[in-house]
K.L.:
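Dumping the structure here so I can ask a few things about it.
Numbers restart at 1 for each chain; the letters A, B, ... are given by sequence-line order, proteins then strands.
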Amino acid sequence: MIDIKLIEAQPARFKEAARTKKFDVDIDRLLEVYDELKTLRQKVQDIATEKNRIGKAVPKMAEQQRKQAIAELSEFKEQEQKYDERIKELEPQFEELMLLVPQPAGDDVPVGEDDTENVEIRREGQIRKFDFKPKDHIELGTALDIIDVERGVKLSGTRNYFLKGDGALLHWAVLRFSLEHMKAKGYVPLMVPLLVRDEAMRGTAYYPGGEDQAYRMEKDELNLVGTAEVPLTAYHMGEILQKEQLPAKYVSMSSCFRREAGAAGKDTYGLYRIHQFDKVEQVVVCENDEQESDKYHAEILHNSEEVLQALELPYRVVNVCTGDLGRGQIKKFDIETWMPSRENYCETHSASKFGEFQSRRMNLRYKDTESKKNIFCHTLNNTVIASPRVLIPILELYQNADGSVTVPKVLRPYMGKDRITR
RNA sequence: GGAGCAGUGGCAGAGUGGUUGAUUGCGACGGUCUUGAAAACCGUUGUGCCGUAAGGCACCGGGGGUUCGAAUCCCUCCUGCUCCGCCA
């Protein structure tokens, strides 16, 4: 959410942000509603002042005087009710519009329509050249009996799967390795609730807008999270933190659930786009300071790169363009890992910088020691590893001519073997 | 799921319809005293909104209602606790 005063001061800036980010919001209407609300609130306040003044004297009045005063107060009350009605009409409109205003992208974010215009920053690692015809991860996984899509679909429909034997173990190995990597860096591990209230979804800016992407438990009015970012960031929702608590760094390993509505026919093959997966996620809550925010943005990007480097996977980092940014993101680095079967670098990580956008929505603040003011925090998050998506490059890049798969060095302690064979 | 109790300022804890934004204690901060510290004493100590300011308004878990007037009465939701039932 954006400070209404900023919108008031520079409406053009937010119209432009909506345009380049491809979000639709009527800024003019928002300001209209706000102006009317302000006027009405002032009127109601003036009436309240008058009512309080008279009301205070009532108990001391003589009977005759009192009757007169009470009659007068009734009139005020009627006026007040008239204004209140209109306010109650406008407030929900105001809230709704406010939730839709996008955060302008940072100055160093490329302007572009969609993900094809994201700008590559750098590449790391060598792409493997095969001296045999490589298989894709489904061919490999099916032959090795470690991936079973058919039975996943039998039980749960399309985009569902089983991981079996070494497949399941490999999945847990990358997660465990990544979690421990973050733990060693001082990130506090949290085991989080995966069913959350609408408040948490709104606070992290998944709602409004992302309702179709989430599974919702209608009976209980709870939502299955699509990422641990939601509970991790909303952990301190509504709180006023001490400055010493910042930066708060959290890491979680959790299942993630996505309906993938509107993605019908897209990425239907394999384990790339699926309804349920597991992810290690990192979240930083820091002071309201641009430099601090940038520092932690670089840090969380670096943390994830270290994991990919440890796994010896080739990847590239891209600066995500305006058209591909979320409503609240100031800036986003995606890490795309090389996937042989897709003959491309594909998104495996997404490092977002939100400024105070999420904090405002969830009323997350800290007490500034100097000014004694309560200030909105900054929030950031990044994937540490998401599996089974990352199993695609692992299986495909580590495959051998005989159909076996070498286990990446850092995962061997978790697997207890260095090769997956039939 | 059934029955009951509770939710007040950083914490503890008063307040059951009228100058109560809220007694008091602790904590914290400032000051006096002291070589220093402790003790003692004095003072300050919630948040949001409107306003250049003076000042005003709102908030006693959330929302709604009764009333001229509500922390105090009513409804509803949320949260916590106790007992019973069920259960990985």
K.L.:
What is the distance from CD of A:Gln242 to P of B:C11, rounded to the nearest Å?
P.N.:
11 Å

K.L.:
For A:Glu199, which residues count as a salt bridge (Lys or Arg N to Asp or Glu O under 4.0 Å) partner, sequence neighbours excluded?
P.N.:
none

K.L.:
By the salt bridge (charged side-chain N to carboxylate O under 4.0 Å, His left out) test, which pairs, at least two apart or in different chains, include something from residues 247-257 of chain A?
P.N.:
A:Lys249-A:Glu299

K.L.:
Could I get the full list of side chain to side chain donor-acceptor pair (under 3.5 Å) partners for A:Glu306, not counting sequence neighbours?
P.N.:
A:His181, A:Lys185, A:His302

K.L.:
Who are the salt bridge (Lys or Arg N to Asp or Glu O under 4.0 Å) partners of A:Asp107, not counting sequence neighbours?
P.N.:
none

K.L.:
Given the P atoms of B:G25 and B:C73, what is the spacing between them in whole Å?
P.N.:
27 Å

K.L.:
Distance between the C1' atoms of B:C49 and B:G21, in whole angstroms?
P.N.:
16 Å

K.L.:
Take nucleotides 63-78 of chain B nucleotide by nucleotide from the 5' end and write B, S or -, depending on whether a protein heavy atom sits under 4.0 Å from the base, only from the sugar-phosphate, or from neither.
P.N.:
-S--BBS--------S

K.L.:
How far does the C1' atom of B:C60 sit from the matching atom of B:G17, given to the nearest Å?
P.N.:
15 Å

K.L.:
Can you list everything that forms a side chain to side chain donor-acceptor pair (under 3.5 Å) with A:Lys51? Sequence neighbours excluded, please.
P.N.:
A:Glu80

K.L.:
When the P atoms of B:C42 and B:U24 are compared, how many Å lie between them, rounded to an integer?
P.N.:
13 Å

K.L.:
Between the protein and nucleotides 54-56 of chain B, list every N/O to N/O distance that falls short of 3.5 Å.
P.N.:
residue	atom	partner	partner atom	Å
B:G56	O2'	A:Gln45	NE2	3.4
B:G56	O2'	A:Thr49	OG1	2.8
B:G56	N2	A:Gln45	OE1	2.9
B:G56	N2	A:Gln45	NE2	3.3
B:G56	N3	A:Gln45	NE2	2.9

K.L.:
So with a 6.0 Å cut-off around CE of A:Met217, is the heavy-atom count from everything else above 12?
P.N.:
yes

K.L.:
Could you work out, with salt bridge (Lys or Arg N to Asp or Glu O under 4.0 Å) as the rule, every residue matching A:Glu281, not counting sequence neighbours?
P.N.:
A:Lys279

K.L.:
Please tell me if A:Tyr83 has a side-chain N or O lying less than 4.0 Å from either OP1 or OP2 of B:C57.
P.N.:
no

K.L.:
What residues, two or more places apart in sequence or in another chain, satisfy salt bridge (Lys or Arg N to Asp or Glu O under 4.0 Å) together with A:Glu50?
P.N.:
A:Arg53

K.L.:
Output a table of nitrogen or oxygen pairs between the protein and nucleotides 44-47 of chain B separated by less than 3.5 Å.
P.N.:
residue	atom	partner	partner atom	Å
B:U47	OP1	A:Lys367	NZ	3.0

K.L.:
Is there any salt bridge (charged side-chain N to carboxylate O under 4.0 Å, His left out) pair reaching into residues 252-262 of chain A, and which pairs are they, with sequence neighbours excluded?
P.N.:
A:Glu260-A:Arg273

K.L.:
For A:Arg365, what residues pass the side chain to side chain donor-acceptor pair (under 3.5 Å) criterion, not counting sequence neighbours?
P.N.:
A:Asn363

K.L.:
With ring pair (Phe, Tyr, Trp, His ring centres under 6.0 Å) as the test, pick out the partner of A:His236 among A:Phe376, A:Tyr366, A:Tyr250.
P.N.:
A:Tyr250

K.L.:
Using purine N1 to pyrimidine N3 plus N6-O4 or O6-N4 for Watson-Crick, or N1-O2 and O6-N3 for G-U wobble, both under 3.5 Å, which nucleotide pairs with B:A40?
P.N.:
B:U32

K.L.:
Please report the distance separating the P of B:U52 from the corresponding atom of B:G69, rounded so that it comes out in whole Å.
P.N.:
31 Å

